[in-house]
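Keep in mind it's a predicted model, so treat the numbers as computed, not measured. Chain naming here is simple, since letters A, B, ... match the order of the sequence lines and numbering starts at 1 in each.
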2 protein chains.
Amino acid sequence: MDRRTEILQAAAKSFSLFGYKATTMDQVAKIANVGKGTIYTFFANKEELFNAIVVGMIEEMRTEAEAAAVPGAPFEENAHARLMSILKFRTTHQLYAKLIDEGKEIRTPAVQEVLADIEAQIVQFIAEKIEKGIMRGEVKPCNTDLVAYLLFKSYMALVVDWGKTHDRELAETEIIDLLSSTIFKSLLC
Amino acid sequence: MDRRTEILQAAAKSFSLFGYKATTMDQVAKIANVGKGTIYTFFANKEELFNAIVVGMIEEMRTEAEAAAVPGAPFEENAHARLMSILKFRTTHQLYAKLIDEGKEIRTPAVQEVLADIEAQIVQFIAEKIEKGIMRGEVKPCNTDLVAYLLFKSYMALVVDWGKTHDRELAETEIIDLLSSTIFKSLLC
DNA sequence: CGAATGACCGGAAATGAAAAACGGTCATTT
DNA sequence: AAATGACCGTTTTTCATTTCCGGTCATTCG
């Protein structure tokens with residue numbers, strides 16, 4: 001395996017295990033079995049190394065989200081499946097979960113920026129799917145950015161936030177029932 | 001004015017100006033022109049004094065929200081007016097704004113608890129209005145708690161959150177247009 | 001005599017100086 | 001030419017000391 005890949009894997013492991021701030025370049029170098037200076041021949045600095053890792057993670061998440069959709073299935077079904085897949089990834093993926101925690105607890109700026117960027121890309125992803133749905137004639141024309149934002153925030157609220165203020169999580173059927181009878185209902189043709 | 005009221009006014013002023021943590025009991029006593037011990041004859045401790053102030057604030061907010069509604073006007077119109085009134089209060093009211101900031105920046109536990117409680121009461125308030133709308137035959141029967149939660153979160157997202165990740169605030173017409181054509185549309189009879 | 005007070009108490013938080021750790025560089029090695 | 005790790009300046013952590021604050025209660029006051 002080439003040195004660049006070794007470094008990327010070492011960094012991914014360390015960021016996942018300890019987060020951004022608690023990962024040191026010395027540590028990455030040691031795990032990757034390279035000298036610290038070698039890292040800087042491939043990545044300008046710690047933040048760029050971090051960004052490279054995150055880009056990979058986003059790709060992974062996108063792939064899983066696409067895999068959750070069934071080609072030819074109705075828009076609502078696939079939208080729901082993809083969003084649930086993304087939100088599951090959010091808490092299941094070790095690095096993503098770690099970053100959310102670090103962003104909230106330690107408030108590392110580099111991490112908060114990355115998290116904001118990931119969310120923006122997720123919303124963008126949803127907006128593209130809505131756009132496709134409109135072109136396919138499944139979805140009514142609308143402001144895709146606004147609707148994508150509302151959809152994402154709604155899923156976040158029901159899947160992630162509800163449990164924090166109530167003593168039980170919402171079942172998936174409750175979520176799909178609610179959204180199906182409200183947002184989706186008026187979204188579809 | 002009786003001593004209890006003097007203390008309440010002094011505390012309200014200090015909490016509004018400096019927040020919960022930075023307000024000291026000595027300071028409240030001085031502003032109220034009473035000895036520190038006197039405060040403890042009316043309030044068990046600092047947190048109870050704080051809670052008393054917050055209860056008053058919530059009452060204020062409720063009154064303003066009710067005043068924003070027009071008797072006899074359609075559900076959607078009044079729901080929108082009340083929610084916008086509440087969200088305006090959130091950032092306009094000195095104490096509320098201060099508490100939001102303190103909860104986010106200093107993360108004072110007592111403040112975060114109070115903020116969570118206020119939000120729960122707002123959602124409860126909305127749920128009651130939906131319930132009324134259903135009984136009046138204006139709104140379709142639904143899980144009022146769930147719908148109230150979704151509505152509140154949607155308004156928070158569009159009014160409060162949008163501006164943080166985009167370089168312009170949403171106009172009120174954009175918000176009402178979006179929600180009118182999605183959530184409200186499928187909510188009304 | 002009962003309500004009011006502020007000096008006082010113990011624990012928590014602020015302070016600041018010294019030490020350790022970190023990201024990034026670059027002269028040296030391989 | 002590529003790789004390395006000792007080194008540098010800065011930031012962060014540590015920790016002993018001091019200050020501060022919520023709450024109490026013996027004393028004072030009306």
Minimum-distance nucleotide (side-chain atoms of Asn45(A) versus dT4(D), dT5(C), dG24(C)): dG24(C)
For atom CD1 of Ile106(A) and atom P of dT13(D), their distance in whole Å: 9 Å
Along DNA chain D (nearest heavy atom to each residue), the more 5'-positioned of Asp26(A) and Asn33(A): Asn33(A)
Distance flag, aromatic centroids of His80(B) and Phe184(B), threshold under 6.0 Å: no
Between P of dA2(D) and CZ of Arg4(A), the distance in whole Å: 16 Å
Distance test, side-chain N/O of Arg3(B) to OP1/OP2 of dT5(C), below 4.0 Å: yes
Between dT25(C) (P) and Met25(A) (CE): distance, integer Å: 10 Å
Contact under 4.0 Å: Lys36(B) side-chain N or O vs dT5(C) OP1/OP2: no
Short side-chain N/O contact to dA21(C) OP1/OP2 from Lys21(A), under 4.0 Å: no
Interatomic distance, Leu49(B) CG vs dG23(D) P [rounded to whole Å]: 10 Å
Nearest-nucleotide 5' precedence on DNA chain C, Gly37(A) against Tyr20(A): Tyr20(A)
Length of the CZ-C1' vector between Phe43(B) and dG23(D), whole Å: 16 Å
Distance, rounded to the nearest Å, where Phe50(B) contributes CZ and dG22(D) contributes P: 13 Å
Pair Gln121(A)-Asp117(A), side-chain donor/acceptor within less than 3.5 Å: yes
For atom CG of Asp2(A) and atom P of dA2(D), their distance in whole Å: 14 Å
Residue closer to the 5' end of DNA chain D, Thr41(A) versus Thr24(B) (nearest nucleotide): Thr41(A)
ring-ring contact (aromatic ring centres under 6.0 Å, His included) partners of residues 90-134 of chain B, not counting sequence neighbours, each pair once: Phe89(B)-His93(B)
Ion pair check, Glu174(A) and Arg168(A), cut-off under 4.0 Å: yes
Rounded distance (Å) that lies between atom P of dC25(D) and atom CD1 of Ile39(B): 17 Å
Sugar-phosphate, base or nothing in reach of Thr38(A), heavy atoms under 4.0 Å: base
Touch class at under 4.0 angstrom, heavy-atom based, for Lys30(A) against every strand present: nothing
Glu64(B) side chain to Ser85(B) side chain, donor-acceptor N/O pair below 3.5 angstrom: no
